[in-house]
Amino acid sequence: MIEGDFMRNRFIMPIIILLVVCGIIAGCRHNAPLQNEKTEEKPIKPETSRVNEKESETAISNGSRSDEDKKQTLIAERPENNENEEAKLTFNSWKYKYQHDFYVHQITNGETDISAFTKIFINDYFRKNSDELRSLPTFARGRSPEWNALTKFIYEKANKAPNEMSITEEQFDEIVKKYFEDITYTHKSSTYLTYKDGKYSPNGWSNEGSFIYELTKLEKGKTKEREEIWKAHITGYLFYELDGDPNTRRSEQSKNAQAVWEEMKKKEYYGLDFWGACDRLVFNNPGSILDPACEWIIEFTVNDPMGDLHFTYLSCEKKE
């Protein structure tokens with residue numbers, strides 16, 4: 001009996017030991033991933049690396065690389081600097097043809113070279129702002145425009161309510177500030193407008209025909225307050241109201257219209273209507289076939305060049 005118990009114990013003990021060993025091994029395997037999770041950490045950037053980055057920036061700024069290289073490097077390292085502007089440039093609904101080009105080359109880069117795009121932009125601005133340049137009063141910098149001409153210009157630029165002919169004194173002041181800033185005047189009647197009870201009412205006039213505009217020279221300067229100003233030389237070519245109608249008899253067309261209709265026989269004008277051909281001429285030496293009616297030399301600042309752009313005038317010379 002004793003011998004039998006002894007034999008059973010000989011078999012049971014190794015089994016117990018084996019189970020204990022297996023349990024220990026299984027426990028180690030089970031805990032291994034947890035241990036790794038606790039000890040695994042993301043690498044911390046050493047403080048010396050940040051110092052080196054600053055030293056690199058200083059080297060870029062003070063090194064012998066060209067200004068353009070410095071600019072491009074800094075932009076690449078800090079793209080957020082131009083993020084807002086680039087977004088506006090990409091998604092902006094530009095009001096005038098090649099306003100984007102004018103913003104980049106003239107406003108941002110300060111270029112005064114005249115490209116075809118610059119000519120198209122200037123023509124489109126004044127064509128869409130009907131009679132702005134045509135009615136702009138002549139005046140010298142630092143002086144107020146002549147009153148009669150000023151009131152005509154202000155009335156034509158006013159946004160009048162439907163069926164409303166008059167403009168208020170407040171509207172008058174707002175337009176003056178927008179297009180002329182600090183000029184002095186006293187509210188009163190003029191040749192073109194009657195002033196009564198704080199309102200201006202038109203006496204009646206008409207502007208015959210329309211212009212296309214050719215930019216011939218562009219200069220850049222600064223005011224005493226270091227504000228950027230532009231000086232533009234612009235030639236205007238006059239057309240009659242019915243010049244663009246193919247049914248208008250030749251004898252009733254302006255001389256300029258006759259020249260344009262003849263020009264339109266060339267293959268580069270195929271597919272364009274009359275006014276499209278006129279706009280093409282704006283950057284294609286219009287003076288070679290058209291007679292100029294007026295020349296302007298204007299000084300102005302550019303307001304909101306990425307949005308609802310407009311010019312504020314500092315002076316205007318005019319030659320009929």
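No hydrogens, no waters, no symmetry mates; every other heavy atom, side chains included, goes into these values.
Arg250 is linked by a salt bridge (Lys or Arg N to Asp or Glu O under 4.0 Å) to nothing, counting only residues two or more places apart in sequence or in another chain. With sequence neighbours left out, the side-chain hydrogen bond (donor to acceptor under 3.5 Å, both in side chains) criterion links Glu299 to Arg141, Ser315. Annotation: ring-ring contact (aromatic ring centres under 6.0 Å, His included) contacts of Tyr213 (sequence neighbours excluded): Phe126, Phe211, Trp296.
No donor-acceptor distance shorter than 3.5 angstrom exists from the side chain of Lys178 to the backbone of His310, with no hydrogens or angles considered. Formation of a donor-acceptor pair under 3.5 Å by the Asp291 side chain with backbone atoms of Asn256 is not found in this model. Side chain of Ser201 to backbone of Ser166: no donor-acceptor contact under 3.5 angstrom is found. A donor-acceptor pair is defined here as one N or O able to donate and one able to accept, closer than 3.5 Å; no such pair exists between the side chain of Glu214 and the backbone of Asn284. Panel note: side chain Trp147, backbone Ser189; a donor-acceptor pair is recorded below 3.5 Å. Between the Asn148 side chain and the Thr191 main chain, a donor and an acceptor come within less than 3.5 Å of each other.
Annotation: Lys222, atom NZ; neighbour count of heavy atoms from other residues, nucleotides and ligands within 6.0 Å is above 12. Counting heavy atoms of neighbouring residues, nucleotides and ligands inside a 6.0 Å radius, atom NZ of Lys220 exceeds 12 of them. Residue Lys318 places its NZ atom among more than 12 non-hydrogen atoms of other residues, nucleotides or ligands, all under 6.0 Å distant. For CZ of Phe274, the number of neighbouring non-hydrogen atoms (other residues, nucleotides, ligands) closer than 6.0 Å is greater than 12.
Residues Tyr179 and Ile154 have side chains not in contact (no heavy-atom distance under 4.5 Å, counting atoms from C-beta outward).
Just one residue in the list Ile175, Leu150, Thr312 forms a side-chain contact (heavy atoms from CB on, under 4.5 Å) with Phe180, and that residue is Leu150.
Side-chain contact of Tyr192 with Glu156: a donor-acceptor pair under 3.5 Å is absent, judged by distance alone. Between the side chains of Thr248 and Asp243, no donor N or O sits under 3.5 Å from an acceptor N or O. Under the 3.5 Å distance criterion, with hydrogens and angles disregarded, a donor-acceptor pair is assigned to the side chains of Asn123 and Asp279. A side-chain N or O of Glu169 and one of Tyr195 form a donor-acceptor pair less than 3.5 Å apart. Between the side chains of His105 and Asp113, no donor N or O sits under 3.5 Å from an acceptor N or O.
Taking the ring centroids of His187 and Tyr185, they lie under the 6.0 Å cut-off. Residues Phe102 and Tyr125 keep their aromatic ring centres 6.0 Å or farther apart.
A cation-pi arrangement is present between Lys160 and Tyr155 under the rule of less than 6.0 angstrom and at most 45 degrees off the ring axis.
If you take CZ on Phe311 and CD1 on Ile298, they are separated by 6.5 Å, rounding to the nearest 0.5 Å.
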